Participant: 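Before I ask anything, here is the structure I am working with.
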Amino acid sequence: MLEQDIERVLFTEEELKQRVKEIAQRIDADYAGKEPLLISVLRGSFVFMADLVREITLPCTVDFMAVSSYGGGTTSSGQVKIVKDLSEQIEGKDVLVVEDILDSGNTLSYLLKLLEARHPASIRLCTLLDKPERRTKPVAVQYTGFTIPDEFVVGYGLDYDEKYRNLPYIGILKPRVYGGE
Ligand code: PRP
Ligand code: 7HP
């Protein structure tokens with residue numbers, strides 16, 4: 001069972017639902033009269049994206065990009081790989097990048113630069129979780145769900161070694177699972 005590897009629940013399903021709704025309301029207000037393109041950074045953000053987009057009432061479109069920098073471990077390798085690029089052009093569009101977690105900033109500083117070079121009308125970042133203590137590269141973020149301490153978390157799309165993404169809540173993983181104390 002996945003449950004036995006969880007040290008403690010950080011955010012319950014209900015707390016996540018409530019926060020996602022609040023973020024969607026801000027997005028609705030900020031993008032009124034516009035038609036934002038939401039870009040989900042796979043794989044981790046697929047659950048958050050699916051919930052967020054259903055709380056947004058504005059007309060919007062979605063696209064997906066897959067990047068990887070963690071390999072199988074709990075720290076970024078520093079090397080960002082584009083595994084799948086967008087299906088559509090973003091030039092002239094109001095782009096909102098949707099992520100599950102901002103940690104070292106390595107992935108997003110790379111990705112935002114890459115997307116800016118394609119000349120969107122605007123680009124903003126929405127992350128469900130932010131771990132500011134771990135930041136090594138500065139990243140400007142406009143929408144944050146929760147600021148969390150430096151603990152390795154899983155669930156609601158977030159993985160360790162590709163597992164735990166299907167937990168409906170976010171929990172701290174027991175360090176023994178990844179060879180910690
Ligand atoms: C996770 C997460 C972010 C990145 C954040 O992706 O989805 O993209 O790490 O970490 P950083 O700020 O230290 O770069 P991961 O590489 O684990 O891939 P995944 O989305 O497939 O889980
Ligand atoms: C990436 C990542 N993936 C899952 N849980 C965390 O705490 C993470 N930080 N960075």
Side-chain angles (χ1 to χ4, degrees), residues 2-13 15-16 19-20 23 38-53 62-87 95-116 123-181:
L2 296 176
E3 296 262 322
Q4 68 203 24
D5 294 341
I6 303 302
E7 188 144 287
R8 92 187 147 84
V9 174
L10 212 47
F11 305 111
T12 63
E13 266 187 272
E15 287 167 329
L16 290 165
R19 191 67 186 128
V20 170
I23 297 170
L38 275 71
I39 297 180
S40 163
V41 186
L42 297 171
R43 292 176 225 173
S45 73
F46 77 104
V47 179
F48 176 42
M49 176 75 159
D51 284 349
L52 181 67
V53 83
V62 300
D63 204 347
F64 300 88
M65 192 161 189
V67 300
S68 179
S69 65
Y70 271 71
T74 59
T75 53
S76 171
S77 67
Q79 292 237 301
V80 183
K81 267 200 321 211
I82 302 290
V83 180
K84 179 211 170 293
D85 207 336
L86 297 171
S87 302
V95 167
L96 181 60
V97 175
V98 177
E99 257 291 20
D100 53 341
I101 190 162
L102 176 56
D103 187 306
S104 67
N106 193 44
T107 308
L108 280 161
S109 61
Y110 174 89
L111 197 61
L112 290 169
K113 263 191 218 115
L114 184 134
L115 295 175
E116 273 161 15
I123 185 159
R124 288 183 174 179
L125 172 63
C126 173
T127 185
L128 179 64
L129 304 177
D130 184 7
K131 257 193 220 180
E133 282 168 51
R134 302 246 317 159
R135 198 82 83 256
T136 56
K137 297 213 176 119
V139 174
V141 50
Q142 289 75 30
Y143 305 96
T144 302
F146 302 98
T147 299
I148 63 166
D150 182 10
E151 305 268 16
F152 199 81
V153 294
V154 292
Y156 198 71
L158 290 127
D159 76 308
Y160 169 67
D161 206 12
E162 295 305 328
K163 293 187 284 285
Y164 307 98
R165 295 195 199 270
N166 55 322
L167 288 174
Y169 54 83
I170 292 178
I172 297 174
L173 191 62
K174 286 184 179 163
R176 65 156 173 76
V177 177
Y178 51 84
E181 77 281 359

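Just so you know, ligand 1 is whichever comes first in the structure, and atom 1 is the first atom listed for that ligand. Not measured: the values here are computed from a predicted model.
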Participant: What atoms of ligand 1 come closer than 4.0 angstrom to any heavy atom of Asp159?
Facilitator: 22 (O)
Participant: Is there a polar contact, in the sense of an N or O pair closer than 3.5 Å, between Asp100 and ligand 1?
Facilitator: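 Yes; the residue has a nitrogen or oxygen that sits under 3.5 Å from a nitrogen or oxygen of the ligand.
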Participant: Given Asn106, Asp161, Thr136, Ile101, identify the one with the heavy atom nearest to atom 5 (C) of ligand 1.
Facilitator: Ile101
Participant: Using non-hydrogen atoms of the residue, decide whether Val153 is closer than 4.0 angstrom to ligand 2.
Facilitator: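 Right, Val153 reaches ligand 2.
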Participant: Which ligand 1 atoms, with their elements, are less than 4.0 angstrom from a heavy-atom of Ser104?
Facilitator: 11 (P), 12 (O), 13 (O), 14 (O)
Participant: For ligand 1, find out whether one of its N or O atoms is nearer than 3.5 Å to an N or O atom of Gly105.
Facilitator: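 N/O-N/O distance under 3.5 Å: yes.
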Participant: Out of all atoms in ligand 2, which are within 4.0 Å of some heavy atom of Glu151? Include the element for each.
Facilitator: 7 (O)
Participant: In this structure, does ligand 1 have an atom that sits under 4.0 Å from one of the heavy atoms of Leu42?
Facilitator: yes
Participant: Please confirm whether Arg165 approaches ligand 1 to less than 4.0 Å, judged on its heavy atoms.
Facilitator: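 Judged by the 4.0 Å heavy-atom criterion, Arg165 does count as contacting ligand 1.
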Participant: Heavy atoms only: which of Arg43, Arg134, Lys131 lies closest to atom 21 (O) of ligand 1?
Facilitator: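 Looking at heavy atoms only, Arg43 sits closest to atom 21 (O) of ligand 1.
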Participant: Parallel, tilted or perpendicular, judged at 30° and 60°: which one describes the rings of Tyr156 and Phe48?
Facilitator: tilted
Participant: Give the atoms of ligand 1, by number and element, whose distance to some non-hydrogen atom of Glu99 is under 4.0 Å.
Facilitator: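 Atoms satisfying the 4.0 Å criterion: 2 (C), 3 (C), 7 (O), 8 (O).
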Participant: Locate the shortest heavy-atom distance separating Tyr169 from Glu13; write the atom from each residue and the value.
Facilitator: CB-N, 4.2 Å
Participant: Are the side chain of Thr127 and the backbone N or O of Leu129 linked by a donor-acceptor pair below 3.5 Å?
Facilitator: yes
Participant: Within a distance under 4.0 Å of any heavy atom of Asp159, pick out the atoms of ligand 2 and give their elements.
Facilitator: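 Reading through ligand 2 atom by atom, the close ones are 3 (N), 4 (C).
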Participant: Restricting to side chain to side chain donor-acceptor pair (under 3.5 Å), what partner residues turn up for Gln4, sequence neighbours left out?
Facilitator: none
Participant: Determine whether a donor-acceptor pair (N or O, by modelled atom type, separation under 3.5 Å) exists between the side chain of Lys131 and the backbone of Ile101.
Facilitator: no
Participant: Quick one, Val47 and Leu158 - any side-chain contact, counting heavy atoms below 4.5 Å?
Facilitator: no
Participant: Determine whether any heavy atom of Leu108 lies closer than 4.0 Å to an atom of ligand 1.
Facilitator: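 No; Leu108 lies far enough from ligand 1 that no heavy-atom distance drops under 4.0 Å.
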Participant: May I ask you to decide if Asp103's main-chain N or O and Arg134's side chain share a donor-acceptor pair within less than 3.5 Å?
Facilitator: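 No; zero donor-acceptor contacts below 3.5 Å.
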Participant: Got a donor-acceptor contact below 3.5 angstrom from the Arg8 side chain to the Gly171 backbone?
Facilitator: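 No, Arg8 side chain to Gly171 backbone: no donor-acceptor pair under 3.5 Å.
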Participant: I'd like to check the side chain to side chain donor-acceptor pair (under 3.5 Å) partners of Ser45; sequence neighbours left out, ordered by chain and number.
Facilitator: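 Per chain and number, Ser45 pairs via side chain to side chain donor-acceptor pair (under 3.5 Å) with Ser40.
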